[in-house]
Amino acid sequence: MFKRTHTCGELDRSFVDEIVKLNGWVNTVRLHGKIVFVDLRDRYGKTQLVFDENSFSEDFGKIKKLSIEDVISIKGFVNNRDDSSINPDMKTGNIEIIVSEFIILNESSPLPFVLSDRSSAEEQFRLKYRYLELRIEELQKNLMFRHDTYQATRDYLSKNNFLEIETPILMKSTPEGARDYLVPSRLHHGKFYALPQSPQIYKQILMISGYDRYFQIVKCFRDEDLRADRQPEFTQIDIEMSFVDEEDIFSNMEDLTRAIFSTVKGIELPNPFPRITYRDAMELYGSDKPDTRYDMKLIDLKLFTDKSEFNAFSSVESVRGFVVKTGAKYSRKFIDELTEELKKHKAKGLAWIKYQEGKFIGGISKFFSESLQVEIVEYLKINDGDILFMVGDSNDIVCKSLGKLRNLIAEKEGLANKNNYKPIWVTEFPMFDYDEENKRFIAMHHPFTAPREEDIDKLDNSPAMALSRGYDLTMNGHEIAGGSIRIHSPKIQKKIFSLLGLSHEQAVEKFGFLVEALQYGAPPHGGIAFGFDRLVMLLAGTENIRDVIAFPKTTSATSLMDESPNYVDGSQLDELGLSLKG
């Protein structure tokens, strides 16, 4: 092998006549009689090589047999291309290498799929041969975005007095949240470690220990049902600060986010980021991660439907809807498909009215008098060719189902420009959700989230009404970060545990070291965790989180390349004191 002097993406006319050595993969081969052109590729780019039969009388047969993805090493001199053969799409398109010597380092077997076209193979198949898919330029660019995001994060936080501190990967299993991944102990039979769902307790301990600005780019693990933007193991930018309130968090995290987007993509985000309360987000957008790149806000229509003769809406708690511009073009078949989708979100149906030639037609239009139609048109500013969608039910079902509908319509109409980044803070989350099945409260964020000062008294008489000091940073319909001001009072923490159904003894058993630590001078503190993979996904402009992770799992939490999870030898189970059922 020749030790390379340059990469395949850096040579230009300033290197003409220099002797160079390149290593890489054969990207293309073009035979032109006594001349063979090869594009040599590495992760930096491509360079055109020229093999002349006159220089390789004995080895020219080998050159003509070069295959795509063969690994070769060459030596030659840099030559100007003729003006007619300049390739403006290549960084090195002005030059070529006249090869004088070459070595075939490795011959590739026939490829299982075409690397120049990802769509030529199903994702499951590509994941099996992930080491080949990772050679594709799109994925290499994505991993470069990931690298740049790491560096921008560390650079900003380090310059602002945050200490990078590692926390344990093997920890104690704790309740709340998703299921833990468990690791059996060989030395302590019957006992298990858990892989951390987040370093939440450890970073609070660090605040109590006096490390007032902590961060970590950390692996986390959750055994939960997966989606396109979830993985069983994922990466967080984990951050905690002492002696702060929400405004300190917002200011620092906005600066960090702006620094990342500016450094990685040259995009300048707004200053400051807009904010919306959880309640307003749900009632205006039907989502706690609102996509504000397009309008179509949800509108309260109960006042109008109560005046109509459409009795199905007369007894429901809430009626909301929104107008879709030019939506009167939608076929009945398409509307029926939307209706079926909303039924998956507990809506009983989808009501609709088209506005054409100055009047309501179709759907439930016959239940609205002419005068009521005029009122609605003026209030909603409906134009000819629009459609009005409505759902009536409990307010929760109405908002969530219309939020889903809003996203479906935006996708169909192409309303969301992926190069338009719209961050927005969502604040004032409820402290608790109520689990109807188990008849108990569960924490909306996690059990260490502080209530608002003005809502502390509600913990005694109306906890369902208490709002928290939790906040999420969302962007383009994705939650990219979530956090809260934490409880630093042992008394309030005990109260929250009690409302979550944990006695003091159970709380000590599950969270003993934090419960105890809070008694020894815990400072007011708060923090946030960015979903690093999701953040890179947005920066890379892809909808699939697997496109920005080198070796991802499938939606069934398997790795097709290394075939994990897999069986282990019986002797290993014996060492751990385990036996398998069934």
Heavy-atom nearest pair, A450 first then I487, reads CA-CG1, 3.5 Å
Y150 vs F532 aromatic rings, parallel, tilted or perpendicular, using cut-offs 30° and 60°?
-> parallel
Shortest non-hydrogen contact from E254 to N271?
-> OE1-OD1, 4.4 Å
Output all residues satisfying salt bridge (charged side-chain N to carboxylate O under 4.0 Å, His left out) with D547, sequence neighbours left out; order by chain, then residue number.
-> R118
Step through it carefully: locate the ring centre of F234, locate the ring centre of F221, and say whether they are under 6.0 Å apart.
-> no
Examine F162 together with Y156 and report whether their ring centres are nearer than 6.0 Å.
-> no
Flag yes if more than 12 heavy atoms outside E411 fall under 6.0 Å of its CD atom; otherwise flag no.
-> no
Identify, with sequence neighbours excluded, every residue that meets side chain to side chain donor-acceptor pair (under 3.5 Å) alongside T427.
-> none
With E340 via salt bridge (charged side-chain N to carboxylate O under 4.0 Å, His left out) - residues at least two apart | K343
Which residues satisfy the side chain to side chain donor-acceptor pair (under 3.5 Å) test with K191, sequence neighbours excluded?
-> none
Under 3.5 Å, which donor-acceptor pairs do the side chains of residues 512-523 form with other protein atoms, sequence neighbours left out?
none

When you look at K141 and E137, which way does the side chain to side chain contact (heavy atoms under 4.5 Å, CB included) test go after all the steps?
-> CA-CA 6 Å; K141 283 183 177 178; E137 183 179 10; 3.4 Å; yes
What about the rings of H445 and F429, do their centers lie closer together than 6.0 Å?
-> yes
CZ (F215) and CE (M241) are apart, to the nearest 0.5 Å, by 13.0 Å
With sequence neighbours left out, write down each residue that passes side chain to side chain donor-acceptor pair (under 3.5 Å) with K404, or none if nothing qualifies.
-> none
